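Values below: all heavy atoms of this structure, side chains included; hydrogens, waters and symmetry mates excluded. Numbered from 1 within each chain, the chains take letters A, B, ... in sequence-line order. Just so it is clear, the model here is predicted, and its values are computed rather than measured.
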Amino acid sequence: MKEALFLSQIRVRLDDGVTFLDFDSPRGARVYRHSAAHILAQAVKRLYPNARLGIGPAIENGFYYDFEFDAPISAAALERIEQEMKEIIGARLPIRRREMSREEAVALFQEKGEPYKLELIADLPADASLSCYEQGDFIDLCAGPHLSDTGQIKAFKLTGLAGAYWRGDERNQMLQRIYGTAYPSQEQLDAYLRLLEEAKKRDHRKLGRELDLFSLHDEGPGFPFLHPHGMVIWQELTDFWRREHRRAGYEEIKTPIILNRSLWEQSGHWDHFRENMYFTRIDDQDYAVKPMNCPGGMLVFRSRMHSYRDLPRRIAEMGLVHRHELSGALHGLTRVRSFTQDDAHIFMLPEQVEPEVGGVIEMVDRFYRIFGFDYRVELSTRPEKAMGSLEMWEKATAILEKVLRDRNIAYRVNHGEGAFYGPKIDFHLMDCLGRSWQCSTIQLDFQMPEKFDLTYIAEDGQKHRPVVIHRVVYGSMERFFALLIEHYGGAFPAWLAPVQVAVIPITERHHPYAAAVFEKLLNASFRATLDDRKEKVGYKIREAQVKKVPYMLVLGDREAEAGLVAVRHREEGDRGACSLADFIAHLNEIVAAKK
RNA sequence: GCCGACGUAGCUCAACGGUAGAGCAGCUGAUUUGUAAUCAGCAGGUUGCGGGUUCGAGUCCCACCGUCGGCUCCA
């Protein structure tokens with residue numbers, strides 16, 4: 001084994017040669033935080049000798065370690081654990097790697113009473129060489145590498161306590177997970193904590209209340225209420241969506257929310273999705289509230305005969321779906337129990353699959369660019385609970401891969417994450433905190449056409465089976481709305497802003513002029529307000545600023561006499577006076593450009 | 001659903017087991033104001049819901065509902 005290596009910030013022991021790592025590289029940060037996780041585990045074992053160790057990896061922005069305690073610990077215990085960690089860091093314990101045989105390792109962890117470690121060892125391949133890392137009175141099964149001593153952790157904080165199932169499986173024992181983060185300096189840690197504070201200010205739940213966009217109530221957990229200002233944004237999003245889809249050759253439909261059980265049996269949802277569905281009875285028959293829009297779409301397609309000349313048919317629907325989600329999973333507008341999907345089903349000939357999937361990819365990219373979102377592409381393959389033959393799945397997956405490769409799109413493969421009826425391409429948006437959210441998805445489906453016996457008449461005069469794509473662009477309107485709120489920090493661009501212009505007369509004698517300006521703005525189809533309260537301009541401006549109104553028109557003697565408007569912009573401040581016509585032209589330009 | 005935390009006025013937050021308060025918002029009045037908060041007054045609560053302990057519960061205990069951080073799931 002090579003001796004410890006030194007670099008400005010991190011010293012790492014490696015057994016495979018000399019490698020320098022520093023915290024700024026992703027790998028260096030992982031090593032650093034993984035060592036912090038070991039220190040956490042050591043501290044916990046000192047305070048709770050009976051605690052059984054789970055796993056303790058580094059994650060994005062930090063680390064965690066899972067433990068099984070005799071009795072659950074509470075968040076208050078974290079402070080005591082932090083103290084103990086500081087002791088361990090202060091002692092500058094050297095961290096040593098120990099290679100051992102499987103028998104040695106089993107004996108070691110048996111003696112230490114670590115059932116989860118034994119389970120991990122049992123699952124390691126027979127020829128794997130086992131290693132442990134040791135620091136003072138603590139030893140842990142670990143591939144490494146690690147820092148050379150515990151004193152190198154300069155700044156850390158335990159950030160949370162949560163339940164987590166052993167190996168992520170809800171059938172397993174629930175362990176307690178302690179989250180933390182670590183940085184090479186207190187300044188960096190503080191900067192990270194400040195970033196979290198900033199993120200809280202853009203939280204869509206907070207802004208949604210402050211800007212009066214939407215609300216959630218105990219009377220309907222997970223069923224959001226949209227307020228007038230939220231509805232304005234919603235309408236702009238759907239208007240834009242309709243124009244783009246018409247242009248791209250889509251037709252729009254609307255299907256019922258409640259449909260008979262027989263339909264859900266036919267579609268396979270009864271067997272594959274029942275635990276997420278809501279039910280009701282009508283005239284002594286079972287009905288279900290739709291969790292997806294596809295069966296309704298299938299019925300529309302099937303309601304008449306199709307020629308191969310009719311295909312592809314791109315049938316879109318802003319469909320309201322309801323899904324029973326676990327109560328603990330609900331979160332603002334991003335995880336709800338009822339949401340609107342900007343759905344579409346494309347019915348096509350087998351040879352149209354590639355161009356159609358390509359067309360959807362282009363549309364998704366266009367939408368995301370308008371809003372300035374970065375995204376990541378993922379391909380999800382056959383899940384355990386799947387319908388259809390393996391060959392069908394392989395064929396469908398191969399087509400999706402080909403489309404992505406032909407376009408040089410980088411993607412990640414999620415094995416076993418597909419829908420039960422077909423593989424899919426997902427688009428994950430990165431939000432302002434670096435978290436990713438699934439929004440757009442393109443799902444290939446060879447199942448529904450079979451289940452619903454969909455056909456078209458081909459050139460040979462015979463009936464053939466069309467292929468179906470399910471796709472969404474926004475994904476869930478509610479989730480996309482939430483992401484937009486946080487993305488813009490509530491300061492929506494003019495085309496989306498619930499109020500685009502606040503007209504602010506300085507005194508009552510300017511009210512008639514202000515009312516005339518206001519009227520003209522309404523006639524120009526802008527969303528404007530007239531603030532004719534008996535308040536000082538400063539007060540009215542502050543209020544408009546707080547509500548994040550992009551433009552304010554301040555009107556006093558100077559403007560009234562010259563027939564001008566003094567323009568104040570939300571970010572840029574006082575822009576000076578111009579004619580109302582010029583202002584309207586400017587605003588029209590900004591709105592049209594969606595800037 | 002599971003683990004942990006939390007739930008007081010519309011919002012943000014106070015209140016050693018001993019009479020529930022403040023700021024902002026709201027309402028009323030005065031102020032007629034030039035680019036982020038004028039002043040004064042008034043009103044606002046069965047402390048999430050239901051039990052229990054206690055002479056006495058916002059405070060302690062139990063159950064339920066909801067919210068938050070995670071796990072799981074997914075748009």
Presence of salt bridge, [Y] and [X], under 4.0 angstrom:
X: A:D343; Y: A:R471; value: no
X: A:E325; Y: A:R335; value: no
X: A:D123; Y: A:R167; value: yes

Once you apply a heavy-atom cut-off of 4.0 Å, does [X] come out as touching a base, just sugar-phosphate, or nothing?
X: A:K547; value: nothing
X: A:I504; value: nothing
X: A:V336; value: base
X: A:R335; value: base
X: A:Y64; value: nothing
X: A:G319; value: nothing

Chi angles and distances behind the salt bridge (Lys or Arg N to Asp or Glu O under 4.0 Å) call for A:R533, A:E543: CA-CA 12 Å; A:R533 292 173 303 173; A:E543 198 148 292; 2.9 Å; yes
Nucleotide nearest A:R479 (side chain, heavy atoms from C-beta), chosen from B:rC74, B:rG69, B:rU67: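 My answer, after comparing the listed nucleotides, is B:rC74.
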Which nucleotide in B:rG66, B:rC73, B:rA75 has an atom nearest any side-chain atom of A:K424: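 Of all the options, the side chain of A:K424 is nearest to B:rA75.
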side-chain N/O A:Q438 vs B:rA75 OP1/OP2, d < 4.0 Å: yes
B:rC74 phosphate, OP1 or OP2, under 4.0 Å from A:R323 side-chain N/O: no
Contact state string [nucleotides 1-11 of chain B, B base, S sugar-phosphate only, - no protein heavy atom under 4.0 Å]: BBBSS-----S
Sugar-phosphate or base contact per nucleotide [nucleotides 31-44 of chain B; S, B, -; heavy atom under 4.0 Å]: BBBBBBBB------
Distance check, [atom1] atoms only: [N] and [M], in whole angstrom units.
N: B:rG18; M: B:rC64; atom1: P; result: 29 Å
N: B:rG7; M: B:rC49; atom1: C1'; result: 12 Å
N: B:rU35; M: B:rA20; atom1: C1'; result: 41 Å
N: B:rU38; M: B:rC24; atom1: P; result: 11 Å
N: B:rU12; M: B:rC68; atom1: P; result: 12 Å
N: B:rA25; M: B:rA43; atom1: C1'; result: 13 Å

Between [X] and [Y], what is the ring plane arrangement, given parallel below 30°, perpendicular above 60°, and tilted in between?
X: A:H38; Y: A:Y65; result: perpendicular
X: A:H331; Y: A:W437; result: tilted
X: A:F223; Y: A:H322; result: tilted

Side chains of A:E417 and A:P423 in contact at under 4.5 Å (non-hydrogen atoms):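 No, too far: nothing below the 4.5 Å cut-off.
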Validation row: A:L483, A:C439 side chains within 4.5 angstrom (heavy atoms):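 Yes; the side chains approach each other to less than 4.5 Å.
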Shortest non-hydrogen contact between A:N293 and A:Q341, atoms and distance: ND2-OE1, 3.4 Å
Chi angles and distances behind the side-chain hydrogen bond (donor to acceptor under 3.5 Å, both in side chains) call for A:H428, A:E378: CA-CA 8 Å; A:H428 293 250; A:E378 302 188 359; 3.3 Å; yes
Verify stack between A:W437 ring and B:rA75 base, 5.5 Å, 30 degrees: no
Residues in contact with RNA chain B, drawn from residues 372-382 of chain A - heavy-atom cutoff 4.0 Å: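 Under 4.0 Å from RNA chain B: no residue of residues 372-382 of chain A.
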Output field: ring centroids A:Y116/A:W166 closer than 6.0 Å: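 Yes; A:W166 has its ring centre under 6.0 Å from that of A:Y116.
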Separation of B:rU72 P from A:Q173 CD (nearest whole Å):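 Roughly 15 Å, once rounded to whole Å.
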Ring-face cation contact, A:F63 with A:R33, 6.0 Å cut, 45° max: no
Cut-off 3.5 Å, no hydrogens considered: what does the side-chain donor-acceptor table look like for residues 569-576 of chain A, sequence neighbours left out?
from, atom 1, to, atom 2, distance (Å)
A:H569, ND1, A:E571, N, 3.1
A:H569, ND1, A:E572, N, 3.2
A:R570, NH1, A:F492, O, 3.0
A:R570, NH1, A:K548, O, 2.8
A:R570, NH2, A:F492, O, 3.1
A:E572, OE1, A:R575, NE, 2.9
A:E572, OE1, A:R575, NH2, 2.9
A:E572, OE2, A:R575, NH2, 3.4
A:D574, OD1, A:G576, N, 2.9
A:R575, NH1, A:H586, NE2, 3.3

Toward the 5' end of RNA chain B, by each residue's nearest nucleotide, A:A419 or A:H217: A:H217
Nucleotide pairing, RNA chain B (Watson-Crick or G-U, distances under 3.5 Å), in dot-bracket with [ ] and |: (((((((..((((....[..)))).(((((.......))))).....(.(((..]....))).))))))))....
Partners passing ring pair (Phe, Tyr, Trp, His ring centres under 6.0 Å) against A:H272 (at least two apart in sequence or in another chain):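 Partners of A:H272 under the ring pair (Phe, Tyr, Trp, His ring centres under 6.0 Å) test: A:F420.
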